[in-house]
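First the proteins, then the strands, lettered A, B, ... as listed; each starts at 1.
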There are 4 protein chains.
Amino acid sequence: MSTSRTEAFSDGVFAIAATLLVLELRVPHVEPGGLSSALLERWPSYATYVVSFLTIGIIWVNHHAVMERIRVVNRPLLFMNLLFLMAVAVIPFPTALLADYLREGHDERLAAAVYGGTMALMGVTFGVTWAYAVISGLLHENVDPDRARRSLWIFVLGNPLYLLAIGASLLSARLALAIYALLALFYMFDVLPPLEQGYETSPVPSNQQGSTS
Amino acid sequence: MSTSRTEAFSDGVFAIAATLLVLELRVPHVEPGGLSSALLERWPSYATYVVSFLTIGIIWVNHHAVMERIRVVNRPLLFMNLLFLMAVAVIPFPTALLADYLREGHDERLAAAVYGGTMALMGVTFGVTWAYAVISGLLHENVDPDRARRSLWIFVLGNPLYLLAIGASLLSARLALAIYALLALFYMFDVLPPLEQGYETSPVPSNQQGSTS
Amino acid sequence: MSTSRTEAFSDGVFAIAATLLVLELRVPHVEPGGLSSALLERWPSYATYVVSFLTIGIIWVNHHAVMERIRVVNRPLLFMNLLFLMAVAVIPFPTALLADYLREGHDERLAAAVYGGTMALMGVTFGVTWAYAVISGLLHENVDPDRARRSLWIFVLGNPLYLLAIGASLLSARLALAIYALLALFYMFDVLPPLEQGYETSPVPSNQQGSTS
Amino acid sequence: MSTSRTEAFSDGVFAIAATLLVLELRVPHVEPGGLSSALLERWPSYATYVVSFLTIGIIWVNHHAVMERIRVVNRPLLFMNLLFLMAVAVIPFPTALLADYLREGHDERLAAAVYGGTMALMGVTFGVTWAYAVISGLLHENVDPDRARRSLWIFVLGNPLYLLAIGASLLSARLALAIYALLALFYMFDVLPPLEQGYETSPVPSNQQGSTS
């Protein structure tokens with residue numbers, strides 16, 4: 001199976017999971033004049049919406065960077081990717097859980113730990129998928145295998161950060177949410193080995209544009 | 001109509017049905033300190049989420065394997081595929097039904113049978129679609145017609161397994177759920193005749209990569 | 001803008017609208033032993049689910065047949081297509097309305113008329129989009145303009161059938177639902193002028209398969 | 001990363017956000033004979049549905065026009081596009097808010113201002129994405145850089161219109177909704193510099209059609 005079909009299905013799951021987050025922003029029903037305070041009181045819903053949307057979006061960028069470096073997808077890789085997508089697709093649930101209990105003001109630390117556990121599960125399944133592709137030799141020939149193998153350390157080192165955030169959630173749910181936001185920003189950095197002479201700055205050859213437009 | 005457009009629409013239905021499953025994981029509203037037990041009590045929601053997500057994901061893999069072997073899509077095939085997609089898209093309903101009644105502790109065997117009936121319907125419509133393509137000569141020339149015809153036996157033999165699972169659901173809903181999980185894993189095996197010299201291990205030719213990236 | 005991007009967005013709306021229909025199949029909450037009768041009592045939800053899913057799926061097939069015959073998409077065509085998609089995307093609402101009032105046993109004829117009105121709106125916007133493409137000369141050169149112009153009569157004649165169904169809904173909502181199901185089957189017939197020597201039976205040339213797989 | 005993958009993910013978010021709007025059209029539950037007045041009373045839901053659907057659809061058209069003019073996507077552009085998509089994906093929430101409070105008849109001006117704020121956020125992030133692409137030299141060589149730079153003024157001038165609409169919402173929520181509808185129509189005009197000799201009227205070369213069908 002080509003990587004393009006795997007990407008199409010994965011893109012669908014990413015886009016739907018990110019867009020379903022809005023269903024957790026429920027309209028409050030209040031007495032006349034009470035809307036502004038009711039909307040402000042719901043800040044946890046907006047904060048968790050932003051953190052979850054950006055996390056899904058940034059992981060989508062990294063998922064594509066990984067898929068660009070994979071030459072061919074075999075069945076084991078497909079099923080690892082499926083477990084990863086299952087963790088992505090479930091994100092709206094811990095997002096709603098954390099938002100609701102931050103607002104209720106009790107049990108919010110457990111909710112923050114569940115949120116962090118989902119993020120850690122996503123990180124681990126993502127790292128395992130990349131590690132399997134590197135170790136099984138499924139990469140494009142223009143990816144340096146040594147640099148690919150060294151990039152695995154970033155994933156090995158990155159996941160304990162989520163464990164730290166889960167630990168912080170036992171102290172304060174708000175602190176944990178701030179750390180989750182920082183971890184999303186951390187994932188913005190490109191840690192994968194470059195493809196050819198830098199795939200980002202090189203123009204797309206004109207003979208490819210016909211088929212991609 | 002080319003198979004690519006049929007795949008794009010089918011991919012959309014697969015991805016959306018799989019991602020909508022998360023809407024059934026509702027946030028419990030509890031007294032202070034009651035969240036952990038409320039979350040644990042909802043294990044049927046998580047178990048059915050995992051089984052349904054993996055079943056949809058694995059069927060998606062097999063759907064692509066079938067589509068890769070089909071040369072051209074005609075109107076009858078499109079409408080068989082549509083009936084199959086209707087069975088896929090309805091999965092979130094029996095999933096929620098089974099989760100809710102496993103938790104309520106009554107009528108759960110009927111709910112498990114409805115779940116199995118939906119899965120059997122999906123299996124039958126999938127098998128009929130493949131059988132129609134094989135019998136009507138819609139396959140690629142590099143698919144061995146004899147092996148394709150023999151692969152139909154797998155589908156004929158596979159569907160009674162769902163009937164067995166529906167029977168088991170009358171004994172125990174939990175046993176039935178375990179069998180549904182095993183059947184999803186059973187579908188992970190590739191039973192279709194190979195395309196050329198094995199489409200999974202052969203690298204994508206470099207002149208195709210431009211259009212698939 | 002190429003037709004491919006318009007098709008991708010349209011495919012998304014079709015697939016999502018069809019898959020969102022499942023959210024209207026709500027799990028009934030009953031006393032022990034009451035599930036089977038509660039599920040049977042909800043037959044209008046299943047019947048309207050099937051009719052709406054098949055209608056959306058069949059209209060998707062016809063939308064692609066139209067898009068295949070269009071050479072280039074201009075802004076007016078894009079906005080007509082957008083109005084058509086707005087009618088497609090709203091279908092889950094009249095579907096739920098008809099299902100709920102068929103079950104409640106009152107006001108179901110108004111609900112059936114609203115359902116038919118939505119279908120008629122979809123048919124009219126679809127016909128207007130095709131008519132605009134034919135009249136403005138946006139078709140592929142291998143579509144016979146005379147046959148394209150004659151095909152417009154089918155649309156002009158097809159839409160009054162929905163008006164008849166709306167009329168029938170004032171007599172009986174169940175009769176109207178049966179007519180809507182028949183109209184969906186009516187749309188299964190291919191009424192558009194052929195593309196080249198019949199696009200359905202001709203094999204996809206092998207040099208195209210690389211970019212579409 | 002090629003623009004095609006960014007477009008695929010963006011298309012998904014646009015199509016899902018537009019289609020999720022239907023979930024806010026809830027079925028009213030009334031006494032026998034009360035359905036027609038209950039449906040009419042819900043006009044704000046239909047009006048906001050139409051305005052939001054058309055706004056998302058028209059912004060989708062413009063997003064593609066921008067993406068067609070961009071040669072290559074780098075990480076900063078991806079994250080600006082992500083912020084833009086976050087504003088698009090949230091639209092169902094202010095849509096439901098405005099519909100509910102227009103019907104309740106109180107606090108509707110605040111709801112209209114929140115709606116306008118979301119639209120302004122979408123406009124600003126869209127303009128910033130285009131401005132970054134123009135200033136950073138990420139455009140195709142067949143886009144006139146001078147005309148591209150001048151087109152930025154349209155965005156600078158367009159966004160204060162949303163501020164005006166937010167101001168109008170403090171006077172009347174209905175007036176504001178009418179202005180939002182007019183602003184969507186305003187976005188129908190093509191203000192970007194042309195691509196080559198006009199991309200809309202030039203036929204797609206036949207060697208491209210194979211890969212886009």
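- Within the 4.5 Å cutoff, no side-chain heavy atoms of D/L54 are placed close to those of C/F79.
- For C/R42, the CZ atom sits in a packed shell: over 12 heavy atoms of surrounding residues, nucleotides or ligands are nearer than 6.0 Å.
- Residue contact with chain D, scored on non-hydrogen atoms closer than 4.5 Å, is absent for C/V88.
- Counting all heavy atoms, side chain and backbone alike, D/V27 lies closest to C/Y101 at CG1-CE1, 3.9 Å.
- Minimum heavy-atom separation, C/A89 to D/T19: CB-CG2, 4.1 Å.
- Relative orientation of the C/F9 and D/W60 rings is parallel, given thresholds of 30° and 60° on the angle between their planes.
- For C/L83, the part lying near chain D is the side chain, with the backbone staying farther off; criterion is any non-hydrogen pair under 4.5 Å.
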Legend entry - Worked verdict on C/V90 versus D/Y46 for side-chain contact (heavy atoms from CB on, under 4.5 Å): CA-CA 10 Å; C/V90 90; D/Y46 318 135; over 6 Å; no
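- When heavy atoms are compared at a cutoff of 4.5 Å, D/I58 approaches chain C by way of both its backbone and its side chain.
- Heavy atoms closer than 4.5 Å to chain D are found in the side chain of C/L20, but not in its backbone.
- The CG atom of D/D11 lies 9.5 Å from the OG1 atom of C/T6; values are rounded to the nearest 0.5 Å.
- Listed here is the closest heavy atom pair of D/P32 and C/H106: CA-ND1, 3.3 Å.
- Across every non-hydrogen atom of D/L39 and C/F93, the tightest pair is CD2-CZ, 4.2 Å.
- Of all heavy-atom pairs spanning D/P28 and C/L97, the tightest one is CD-CD1, 4.2 Å.
- Note on C/V114, C/D100, C/N81: by heavy-atom pairs under 4.5 Å with chain D, the leading option is C/D100.
- A side-chain donor from one of C/E104 and D/H29 sits under 3.5 Å from a side-chain acceptor of the other.
- D/V22 places none of its side-chain heavy atoms less than 4.5 Å from the side chain of C/I91.
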